[in-house]
2 protein chains.
Amino acid sequence: MDSIERKKFLSKIARLYYLEGLTQQKIAGRLNISRTKVSRYLDEARKDKVVEIKINLPKEDYSRLEYEIEKRFKIKECIIVPASGNKEEILKMMAGPLNNLFERILAGGSYLGIGWGSSLKGISDYINVSGKSDIKVVPIIGGLGKIGTGVHTNSVAKNIADRLGSISYMIHSPAILDSKEIREIVENDSNTREIIKLSEKIDTAMVGLSDIGPDSTLIKTGCFSLEEFKYLDSLGVVGDVNLIFIDENGKHVPNKIDERIVRISPDRLKKVKNVIGVAFGRRKLKVILGALRGGLINILFTDRETAENIINSG
Amino acid sequence: MDSIERKKFLSKIARLYYLEGLTQQKIAGRLNISRTKVSRYLDEARKDKVVEIKINLPKEDYSRLEYEIEKRFKIKECIIVPASGNKEEILKMMAGPLNNLFERILAGGSYLGIGWGSSLKGISDYINVSGKSDIKVVPIIGGLGKIGTGVHTNSVAKNIADRLGSISYMIHSPAILDSKEIREIVENDSNTREIIKLSEKIDTAMVGLSDIGPDSTLIKTGCFSLEEFKYLDSLGVVGDVNLIFIDENGKHVPNKIDERIVRISPDRLKKVKNVIGVAFGRRKLKVILGALRGGLINILFTDRETAENIINSG
DNA sequence: AAAGAAATTGCACAATTGTGCAGCAATTGA
DNA sequence: TCAATTGCTGCACAATTGTGCAATTTCTTT
């Protein structure tokens with residue numbers, strides 16, 4: 001069979017299989033060849049592009065980029081939304097995929113850990129998932145921000161719980177204390193100990209990622225001073241994941257601030273099945289890369305621009 | 001999940017399945033949904049045209065038309081070549097598909113019945129199939145045309161046998177005799193009887209289709225007179241398949257010429273597994289339709305123009 | 001708020017498809 | 001011409017995929 005004859009034959013088989021919906025067995029019978037041959041001819045047809053499978057992507061679909069990032073960093077999932085420059089809009093666009101994700105990964109009776117951050121706070125307002133009333137929402141970091149402003153850890157956890165139709169726990173300790181001693185005392189208090197203990201039951205967590213630049217929310221809210229950030233910078237820190245300070249490879253950088261912080265431990269966090277990070281913007285590129293490389297998060301929500309930067313920075 | 005969100009999700013799954021080649025099981029694990037759901041989402045994606053499967057047809061491909069005819073007349077196969085107006089060219093184009101067909105349907109040791117006709121004669125020169133040396137080629141009609149011209153039944157059979165690297169039998173009787181009595185005598189001769197007997201072993205036959213117009217080869221070669229054709233026409237005959245005269249529905253029309261003809265019987269022919277008819281051109285439309293409707297042939301070789309006429313005449 | 005209707009889900013099974021392998025045929029090279 | 005090599009074939013099995021069904025959930029309607 002010459003090349004053109006062959007192509008025609010392949011397209012005939014491909015038509016019967018893909019367009020007319022016959023089974024390989026039926027095609028084999030009809031053309032008087034073995035079923036095995038049909039299977040192999042179809043293979044050839046696909047390889048030779050006689051058959052092409054096209055996916056009609058909705059506009060602004062980045063599933064390809066998503067899959068590239070998923071593969072590159074061996075993470076479970078990456079969700080990319082169009083970049084608009086406007087933070088609130090970006091968060092709004094993340095709502096749908098986040099709800100979809102929650103539908104899929106929040107198993108009955110499971111515990112959901114919630115960190116802190118303006119993105120987390122922002123996105124939480126769009127959560128809308130039904131049938132998850134037996135989820136327990138647990139803070140995995142002490143309070144940051146003022147109660148009443150709605151950015152406080154407990155508020156975010158409560159907000160999310162409300163939107164899931166479920167319940168939340170509260171943490172009665174600030175995230176950052178004045179000294180190691182005070183932290184130890186607070187952490188030994190049964191109220192706090194209980195919450196910390198709960199973090200072992202978590203199988204899904206949502207964490208915030210911050211850089212340590214002067215514009216970070218942590219500076220703006222007065223949680224840290226510029227001097228402290230400079231100190232962390234000098235140690236090679238590129239940012240934090242739920243106040244776990246990491247370097248560009250996602251390795252936890254030991255530092256003297258750590259001992260004053262109340263939060264889930266790096267080891268514990270790495271054992272959580274699904275860790276969702278929501279972060280985008282040029283400033284956060286390094287900490288995102290670190291978090292991905294170090295395996296601190298395995299589900300990433302970001303925008304197109306950041307995603308492209310991630311891929312280009314390998 | 002709203003409509004756009006759903007489409008994005010579908011396209012994500014479709015990408016993983018069709019483009020990245022993951023199994024449904026892997027996708028299910030990755031997205032934390034059941035495998036059954038993946039199967040159903042893929043179904044939906046195809047139905048919603050999120051996934052489109054396109055077959056890159058070689059130019060001048062008529063596989064769609066072929067399949068329409070196959071379905072409409074419940075025949076095994078229809079092969080259509082581009083119409084060029086030039087008979088020789090059309091036959092040449094049929095060579096590839098015919099060889100392909102022979103490769104598929106000629107089983108080891110089987111008998112191949114050969115009729116008569118200028119198309120058959122023409123196409124036989126292009127046959128080229130290897131590995132079929134144990135086929136026996138058998139005439140299924142008496143001699144028509146003069147020995148030596150190459151249009152004679154025996155010559156065509158011999159030619160085909162040579163090209164298959166196999167052997168052929170000869171029939172030592174004309175197709176049309178002067179009277180019923182002579183035919184009976186000839187048919188009772190052991191030489192002829194033996195060949196006729198062989199036709200019971202045939203599982204593939206190639207037959208010619210003729211119309212009964214004044215330009216038909218049968219008139220030109222002097223086998224029939226115009227009066228005889230007028231007579232047949234008056235009976236409702238539209239043409240013949242291997243000298244079986246049929247009406248527009250393919251029903252064998254009894255007539256007084258039949259009893260002078262030496263050929264395979266209509267009943268016998270209908271039992272042959274594969275009966276290949278090669279015919280095209282406006283004049284032959286009616287007889288082709290008859291042959292298809294009456295189940296006298298189940299594999300048709302024709303050209304685009306004729307094929308379109310066939311479909312339009314339903 | 002309750003009952004009924006409709007849709008969705010996963011299981012278990014059936015159907016379909018893919019593939020390693022042994023055997024056979026074709027081709028090549030001496 | 002023969003041997004060696006290469007490629008093709010179908011079988012038998014393994015893997016993958018599709019689907020009826022019962023249970024459950026969700027949505028309607030009263």
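Lettering of chains follows the sequences in order, A, B, ..., and the numbering in each one begins at 1.
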Gap between atoms [atom1] and [atom2], on [X] and [N] respectively (whole Å):
X       : N       : atom1 : atom2 : value
D43(B)  : dG10(C) : CG    : C1'   : 16 Å
N128(B) : dA26(C) : CG    : P     : 13 Å
E103(A) : dT8(C)  : CD    : C1'   : 12 Å
Y41(A)  : dT9(D)  : OH    : P     : 6 Å
I33(B)  : dC11(C) : CD1   : C1'   : 16 Å
E44(B)  : dT8(C)  : CD    : C1'   : 12 Å
R104(A) : dT8(C)  : CZ    : P     : 18 Å
Q25(A)  : dG10(D) : CD    : C1'   : 12 Å

> Do the side chain of R46(B) and the base of dG18(D) come within less than 3.5 angstrom through a donor-acceptor pair of N or O atoms?
Replying inline: no
> Side-chain donor or acceptor of R40(A) under 3.5 Å from a matching atom on the base of dG7(D)?
Replying inline: no
> Does R64(A) CZ have over 12 foreign heavy atoms under 6.0 Å away?
Replying inline: no
>> Starting the side chain at C-beta, find the nucleotide from dG18(D), dT17(C), dG10(D) nearest to R35(B).
In response: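 Taking heavy atoms from C-beta onward, the closest nucleotide is dG18(D).
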Please determine if a side-chain N or O atom of [X] lies less than 4.0 Å away from the OP1 or OP2 oxygen of [N].
X      : N       : value
T36(B) : dG10(C) : no
Q24(B) : dG18(D) : yes
K37(B) : dT9(C)  : yes
Y17(A) : dT17(C) : yes
S39(B) : dT17(D) : no

> Is there a donor-acceptor contact under 3.5 Å linking the side chains of Y18(B) and R46(B)?
Replying inline: yes
Going by atom type alone, with no hydrogens or angles, which donor-acceptor pairs under 3.5 Å involve a side-chain atom of residues 198-206 of chain A and a protein atom two or more places apart or on another chain?
{"unit_1": "S199(A)", "atom_1": "OG", "unit_2": "I196(A)", "atom_2": "O", "d": "2.7"}
{"unit_1": "T204(A)", "atom_1": "OG1", "unit_2": "N274(A)", "atom_2": "ND2", "d": "3.1"}

> Taking the six-membered ring for Trp, is the centroid-to-centroid distance between F301(A) and F280(A) below 6.0 Å?
Replying inline: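 Aromatic pair excluded; centres sit 6.0 Å or further apart.
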> Okay, side chain of R163(A), backbone of D125(A): is any donor-acceptor separation there less than 3.5 Å?
Replying inline: yes
